[in-house]
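What follows is a set of notes on a single structure, which appears directly below.
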Amino acid sequence: MRSTDVTTEVSASLIATLPGHYYTDPDVFLQEQERLFEALWCCAVRAADLDRPGAYRTVQVGRESVLITRARDGGLRAFLNVCRHRGARLCADEAGQVRRSLQCPYHAWTYDLDGRLIAAPNLTRMPDVDRTAYGLVEVALREWLGYAWVCLADSPPSFEDTVIGEARERLGDPASIERYRTQDLALGHRVRYEVRANWKLIVENFMECYHCATIHPELTDVLPEFADGFAAQYYVGHGAAFGDDVSGFTVDGSPGFGRLPDVSEDQDRRYYAITVKPAVFVNLVPDHVILHRMFPLAVDRTVVECDWLYAPDVVAAGADLSKSVELFHRVNEQDFAACERTQPAMGSRAYRQGGVLVPTEHHIGAFHDWLIQRLAS
C-alpha cells in the first residue's frame, strides 16, 4: 500500500517550517501556555483604560484570568482573579468599576484594591488569619508604552532585556521607539477581532510581506516596496518608505494629522513594524501608533485587540480618523482571513511535515527556532 504521508526535500533556497501539528495539537498549545504565555511578559491592558481608583479589567493570560486594578494610590496592581476562600472567580466581567473593594460574589470575602483581605463573614472570630497571607495572589506588572504588561512567572525574566530590548534591537536605535511617546497618546479607535486560527499563524503573517502584493492593495499603494515582498522587519532598523505621491498613512494616501512632536526627520514618511514575542505587534507611523495585543484562547482561536493611538489634541478635537483607521483595519481583516484560510490545512497530511519559507521570510525561521527552544526549556 502506498503511504499517504507527503514528504518534500527542501531545496537550498527554502527553509523548512514547523510541522502542521504545531498549529493543531492541544498538547503543543498547553506547552505554549506554560512556557510562553505564563512565563514571559504579556501586554495586558492600556493603562489609561483604568482611569480612576477602583477601575478594573480582566484578561486571559495563558490558562489564568488576571485581574488588573487601579489602586487608591493611583498605581496599577495585578492579581490572579481567584478568591482565596473557595476559588470562585472574583470578577466575571471584562471591565468594571468598584468603589473601595473587590468582593467575591460567592461568600463575600472582600479585598482592598491592593489585594489584602479586609473582610469576610465571621472573620473577627478567626484572629489567627493573616489578612495579607490570605490576600489575592499578586502578579508582576510593569508599565511601558502606556500599557500594563504582566508576567505570571515566580521569577519574571528581565523586562528590559526581553521586551524593551527586543523592540530597540528591531529598530537599531535605543531612542527610536521613545520618540513616538506612545504613553502620552490618546486612544482614537479600538477593534476586537476573533480569529479562528492558531496564534502563530497570525505572528508569522505579520512578520512577512511576501503576501502583500496578493492581498493588501491599499497597503502596497501607500508602501510600494511591500509589493516586492520585503517586509518592514526584513532587516534591523528598516522602515518602509511612503510612496512619492502619498501624503499620509491613510486608506487613500490622503494627509494624516502631522508628525508627532518628537519623531525625527529620518523617521518621517516611514512605517516601522516590531514584533515583541510572544504576541504583541507595534506599528509606528509619523502621526500615530497602532498596537496589537493577542490573547490565544484555544489552539485554533485567538482574540486580537487593536488600538489606534493619536496625539491627544487630535482625539480631543473630534478629528475624522476614519481614513487613518480604515487602512490598517482592512489590513487586519485581510490578514486574519488569510490565517483562517490556512488553519484547516494545518491538519492535512499535505502539511504533516510542514511547508517552506522563501529567503525573504528568513526571520520567521528565527521565530520558529525561538519557539522550539522555549518549548524545550
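Everything numeric here is computed off the predicted structure, so don't read it as measured data. Nothing fancy with the numbering, it's 1 onward along the sequence.
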Charged N to carboxylate O under 4.0 angstrom, D112 versus R100?
no

Are the side chain of T302 and the backbone of A197 linked by a donor-acceptor contact shorter than 3.5 Å?
yes

Full working for side chain to side chain donor-acceptor pair (under 3.5 Å) between N332 and Y193:
CA-CA 9 Å; N332 286 337; Y193 304 88; 3.1 Å; yes

Looking at F242, is R269 sitting on its ring face, NZ or CZ under 6.0 Å from the six-membered ring centre and within 45 degrees of the normal?
no

Checking the side chain of W149 only, and the main-chain atoms of L141 only, is there a donor and an acceptor separated by less than 3.5 Å?
no

If you measure only the distance, is there a donor-acceptor pair under 3.5 Å linking the side chains of E225 and H238?
yes

Side-chain H-bond candidate by donor/acceptor type, S324 with Y310, under 3.5 Å
yes

V137, V66: one ILVMFWY side-chain cluster at the under-4.5 Å cut-off?
yes

Just verifying a value: how many Å separate S377 OG and Q31 CD, rounded to the nearest 0.5 Å?
10.0 Å

Note, L102 side chain near L67 side chain (heavy atom, < 4.5 Å)
yes

Apply side chain to side chain donor-acceptor pair (under 3.5 Å) to the pair H216 and D221, showing each step before the final yes or no.
CA-CA 9 Å; H216 294 321; D221 282 347; over 6 Å; no

Quick one: does Q97's side chain have a donor or acceptor within less than 3.5 Å of a partner on P53's backbone?
yes

Without swapping roles, check the side chain of E138 against the backbone of A78 for a donor-acceptor pair under 3.5 Å.
no

Can you hop from F29 to W370 via hydrophobic side chains spaced under 4.5 Å?
yes

Worked check of side chain to side chain donor-acceptor pair (under 3.5 Å) between H363 and E208
CA-CA 8 Å; H363 45 299; E208 55 93 359; over 6 Å; no

About how many Å separate NE2 of H21 and CD of Q353, when rounded to the nearest 0.5 Å?
10.0 Å

Is the backbone of L223 close enough, under 3.5 Å, to the side chain of T220 for a donor and an acceptor to pair up by distance?
no

Separation between CZ of F295 and SG of C43, rounded to the nearest 0.5 Å
7.0 Å

Verify same cluster id: V222, F257 (apolar side-chain graph, 4.5 Å):
yes

For W199 and F37, take the angle between the two ring planes, folded into 0 to 90°, and tell me which bin it lands in: parallel under 30, tilted 30 to 60, perpendicular over 60.
perpendicular

Taking the inter-plane angle between the rings of F328 and Y271 on a 0 to 90° scale, is it parallel (under 30°), tilted (30 to 60°) or perpendicular (over 60°)?
tilted

Salt-bridge criterion met for R46 and E143 (N-O under 4.0 Å):
no

CA sep, side-chain torsions, deciding dist, call: H211, D335, side chain to side chain donor-acceptor pair (under 3.5 Å)
CA-CA 9 Å; H211 68 279; D335 280 340; 3.1 Å; yes

Spell out, as yes or no, whether a donor-acceptor pair under 3.5 Å connects the side chain of N198 to the backbone of V299.
yes

Do K200's NZ or CZ and the ring of Y22 fall within the cation-pi criteria of under 6.0 Å and 45°?
no

F159 atom CZ, over 12 foreign heavy atoms within 6.0 Å:
yes

Can you list every salt bridge (charged side-chain N to carboxylate O under 4.0 Å, His left out) pair that touches residues 279-301, not counting sequence neighbours?
E194-R301, R293-E305, R293-D307

Can you check side chain to side chain contact (heavy atoms under 4.5 Å, CB included) on L136 and L90, steps first, answer last?
CA-CA 10 Å; L136 300 177; L90 201 60; 3.8 Å; yes

Tightest non-hydrogen contact, residues A338 and T342, listed as O-OG1, 2.8 Å

Are R63 and E34 close enough for a salt bridge, meaning some N to O gap below 4.0 Å?
yes

Does one side chain, of S264 or D266, offer a donor that lies under 3.5 Å from an acceptor on the other?
no

Rounded to the nearest 0.5 Å, how far does OG of S101 lie from CD of Q103?
6.5 Å

Before you tell me yes or no, could you show the steps for E94 and R192 under side chain to side chain contact (heavy atoms under 4.5 Å, CB included), namely the whole-Å CA-CA distance, both residues' side-chain angles and the distance that decides it to 0.1 Å?
CA-CA 13 Å; E94 288 187 359; R192 178 186 173 97; 3.6 Å; yes

Quick check: closest heavy atoms across P286 and V263, and the distance to 0.1 Å?
O-CG2, 4.1 Å

Membership question, hydrophobic clusters at under 4.5 Å side-chain separation (ILVMFWY): are L187 and L260 in the same one?
yes

Does CG belonging to D154 count more than 12 external heavy atoms closer than 6.0 Å?
no

Over 60° means perpendicular and under 30° means parallel, so tell me whether F281 and F206 are parallel, tilted or perpendicular.
parallel

Examine distances only and state if a side-chain atom of R374 and a backbone atom of R35 form a donor-acceptor pair shorter than 3.5 Å.
yes

Shortest non-hydrogen contact from P255 toward T250
O-CG2, 4.0 Å

Minimal heavy-atom distance between T275 and M207, with the atoms involved, is OG1-CG, 3.7 Å

Do you see a donor-acceptor pair shorter than 3.5 Å between the side chains of T17 and Y351?
yes

Can V139 and E64 be said to form a side chain to side chain contact (heavy atoms under 4.5 Å, CB included), step by step?
CA-CA 11 Å; V139 172; E64 296 282 3; over 6 Å; no

Check against salt bridge (charged side-chain N to carboxylate O under 4.0 Å, His left out), D49 and R190
CA-CA 12 Å; D49 289 346; R190 173 176 290 159; 2.8 Å; yes

So for atom CG, which belongs to D244, do other residues, nucleotides or ligands contribute more than 12 heavy atoms lying within a distance under 6.0 Å?
no

Distance-only, no hydrogens or angles: does the R70 side chain make a donor-acceptor pair with backbone N or O of L50 under 3.5 Å?
yes

Check R270, R259, R179 against E265 for a salt bridge (charged side-chain N to carboxylate O under 4.0 Å, His left out) and give me the one that passes.
R259

With rounding to the nearest 0.5 Å, note down the distance linking CD in E340 to CD in Q343.
9.5 Å

SB check E166 R170 (cutoff 4.0 Å):
no

Basic-acidic side-chain contact under 4.0 Å: R89, D93
no

Would a single hydrophobic cluster contain both L371 and L40, if residues Ile, Leu, Val, Met, Phe, Trp and Tyr are joined by side-chain heavy-atom contacts under 4.5 Å?
yes

Nearest 0.5 Å, please: how far is OG1 in T69 from CG in D114?
7.5 Å

Does Y111 reach the main-chain N or O of R84 with its side chain, forming a donor-acceptor pair under 3.5 Å?
yes

Worked check of side chain to side chain contact (heavy atoms under 4.5 Å, CB included) between I274 and L171:
CA-CA 8 Å; I274 304 167; L171 295 177; 3.9 Å; yes

Anything under 30° is parallel, anything over 60° is perpendicular, the rest tilted; go ahead and classify H85 against W109.
parallel

Please check: side-chain N/O of E326 versus main-chain N/O of V251, any donor-acceptor pairing under 3.5 Å?
no

